Amino acid sequence: MRVYLDNNATTIVDPHVFAAMEPFFVQKYGNPNSLHQFASDTHKPLKEAMQKIYAGIGASNEDSVVVTSCATESNNWVFKSIYFEYIVTGRKNHIIVSEVEHPSIIASAKFLETLGCKVTYLPINHEGIVEADTVRDFITDKTALVSIMWVNNETGAIFPIEEIAQICAEKGVLFHTDAVQAIGKLPVDVSTVPIDYLTISAHKFHGPKGVGALYMRKNKELTPLFHGGAQMGGFRSGTLNVAGIVGMGKAIEAAIDGLDFEISEVRELRDRLEDALLDLPDTFVVTPREKRVANTILVSFRGIEGEAMLWDLNRAGIGASTGSACASEDLESNPVMEAIGADADLAHTAIRFSLSRYTTSEEIDYVIDVVKEAVVRLRGISSSYAYAPEGHSDGLDVKSH
Ligand code: PLP
């Protein structure tokens, strides 16, 4: 059996999404900016897809949703534009992020530090969550931007974005959220939350890879990074990725339609898996279930290196993860576990299982059996587990949930 439980890294393309995209390769391939019938074949589908993307996040027609190549591009755009508009001009010199943002945010922030920008990396609490009050505490009159993700990709922890956005609005500071892991997992509506910029990526919600977007509130438009033919309202030049845009439109519509299924059926499967994992001795999950999206578990098995567990799972046909996909080629410990303050042993033992609406009950039964066997095998050959003192602490300040 092959079981894919790495949906926070990427997702299978919904077959309906694939079908909607297919005509835009061989049949309808005109450049939408050209002035002939080949071009006009694409106008209506493009417009409909953009409407679905706007509707999917509650954007108004006066706001801008700019299609990009991925969330990494959207996140980089925000930071580099803020640099051009505020930092280099000397108007402001400070940015706030959380210490558990995706590398596309952390690396952008570190790059701006090399150019003289000050960056505050906000801590997370013992449940793996950024507390809104910490944001308030660190904002100064020199703060140009606060950027906090909506949902953490490692733990599935939901951050208090409504509250944080409100604090930023009150203080007059621009607020960006990386909502990549939130779409299709919880309601995302910029008409009710004062978010200035929001990042999404189609391949995280059963759309194609290589297409994402940046939402910009009216009057908060950023300086473009790509200058050229003035596509996307002049905000991002480059010939439009018609198939990708059509795919993202269809995928976001399906993700919103599937929200109820996600928070009922997917949650039920996730909880069954989690209950079985936590029944095993010395296993821990940091963020409480009610503070997490429905599809994610980050679980630590004391005494078992994450990579060793992945190896056993992979041999049995199961795809899971030890950290963000971008970091999985080096054997670093899980960054969120480190940020929480887990001891070094435990930080190396975290495994992420992330489900999707395509995960089945049979798959979960199979995974439970494989994990149980792997835990016995790997603890049997683990020196750190064998020599751990009786009744050792969990290595965290929290108990398992
Ligand atoms: N932000 C978060 C929270 C993510 O989980 C990811 C993907 O792992 C990204 C950004 C980057 O997405 P993309 O692959 O579209 O650049």
Side-chain angles (χ1 to χ4, degrees), residues 4-13 17 53 56-57 65-80 97-111 121-122 124 128-130 146-159 161 164 176-186 188 195 197-215 225-226 236 241 244-245 247-248 251-252 255 287 292-293 295-298 319-330 332 334-336 339 350 352-356:
Y4 185 72
L5 292 187
D6 200 12
N7 287 282
N8 287 11
T10 196
T11 57
I12 184 174
V13 173
V17 169
I53 301 167
I57 56 172
V65 176
V66 178
V67 175
T68 61
S69 65
C70 58
T72 297
E73 182 190 325
S74 301
N75 289 344
N76 270 264
W77 181 11
V78 175
F79 278 67
K80 286 163 191 175
V97 301
S98 85
E99 61 181 338
V100 293
E101 296 297 313
H102 184 267
S104 55
I105 295 284
I106 298 288
S108 296
K110 293 215 178 291
F111 175 64
Y121 298 88
L122 292 180
I124 47 176
I129 290 171
V130 174
V146 172
S147 175
I148 308 285
M149 65 203 325
W150 203 315
V151 172
N152 182 264
N153 44 309
E154 304 289 343
T155 55
I158 302 168
F159 292 172
I161 290 307
I164 294 172
H176 166 246
T177 186
D178 175 344
V180 162
Q181 299 288 346
I183 300 291
K185 315 269 179 56
L186 44 79
V188 168
I195 291 164
Y197 309 109
L198 178 139
T199 292
I200 66 171
S201 181
H203 75 101
K204 305 288 185 174
F205 49 88
H206 304 289
K209 294 169 186 55
V211 55
L214 183 70
Y215 160 84
L225 290 190
F226 293 8
R236 186 192 186 269
N241 174 0
I245 296 170
M248 182 156 65
I252 200 163
T287 307
R292 254 186 285 147
V293 287
N295 79 318
T296 308
I297 312 172
L298 181 71
S321 151
T322 55
S324 101
C326 323
S328 56
E329 275 163 26
D330 42 50
E332 283 177 10
N334 186 284
V336 178
R352 182 184 70 191
F353 296 100
S354 46
L355 288 65
S356 82

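Here the structure is a predicted model, which means the values were calculated and not measured. Read the numbers this way: they start at 1 and go in the same order the structure lists the ligands and their atoms. Index from 1, following the sequence.
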Check I57 against V65 and note the closest heavy-atom contact, atom names and distance.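 In terms of heavy atoms, the two residues are closest at CD1-CG2, 4.1 Å.
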
For [X], is at least one N or O under 3.5 Å away from an N or O on ligand 1?
X    : result
Q181 : yes
N8   : no
N75  : no

Work out whether the distance between some heavy atom of H203 and some atom of ligand 1 is less than 4.0 Å.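 True for this residue.
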
Considering only heavy atoms of [X], which atoms of ligand 1 have at least one such atom less than 4.0 Å away?
X    : value
C70  : 13 (P), 15 (O), 16 (O)
D178 : 1 (N), 2 (C), 3 (C), 10 (C)
M149 : 3 (C)
K204 : 5 (O), 6 (C), 7 (C), 8 (O)

Pairing residues for T68 by the side chain to side chain donor-acceptor pair (under 3.5 Å) criterion, not counting sequence neighbours: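 Expected list: S74.
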
For [Y], does its backbone N or O pair with a side-chain atom of [X] as donor and acceptor, under 3.5 Å?
X    : Y    : value
S108 : S104 : yes
Q181 : G156 : no
T177 : W150 : yes

Look at the aromatic rings of F79 and H176 and report parallel, tilted or perpendicular, splitting at 30° and 60°.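 Because their plane-to-plane angle is over 60°, the rings of F79 and H176 count as perpendicular.
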
Between K209 and ligand 1, which residue portion shows a heavy-atom distance shorter than 4.0 Å: side chain, backbone, both, or neither?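 For K209, there is no contact with ligand 1 at all, from either part.
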
If you measure from each non-hydrogen atom of E101 to ligand 1, which part falls under 4.0 Å: side chain, backbone, both or neither?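 Within the 4.0 Å criterion, E101 makes no contact with ligand 1.
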
Under the side-chain contact (heavy atoms from CB on, under 4.5 Å) rule, collect the residues that match up with Y121, sequence neighbours excluded.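 Here the qualifying residues are V97, E99, I106, A109, K110, E113, V119.
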
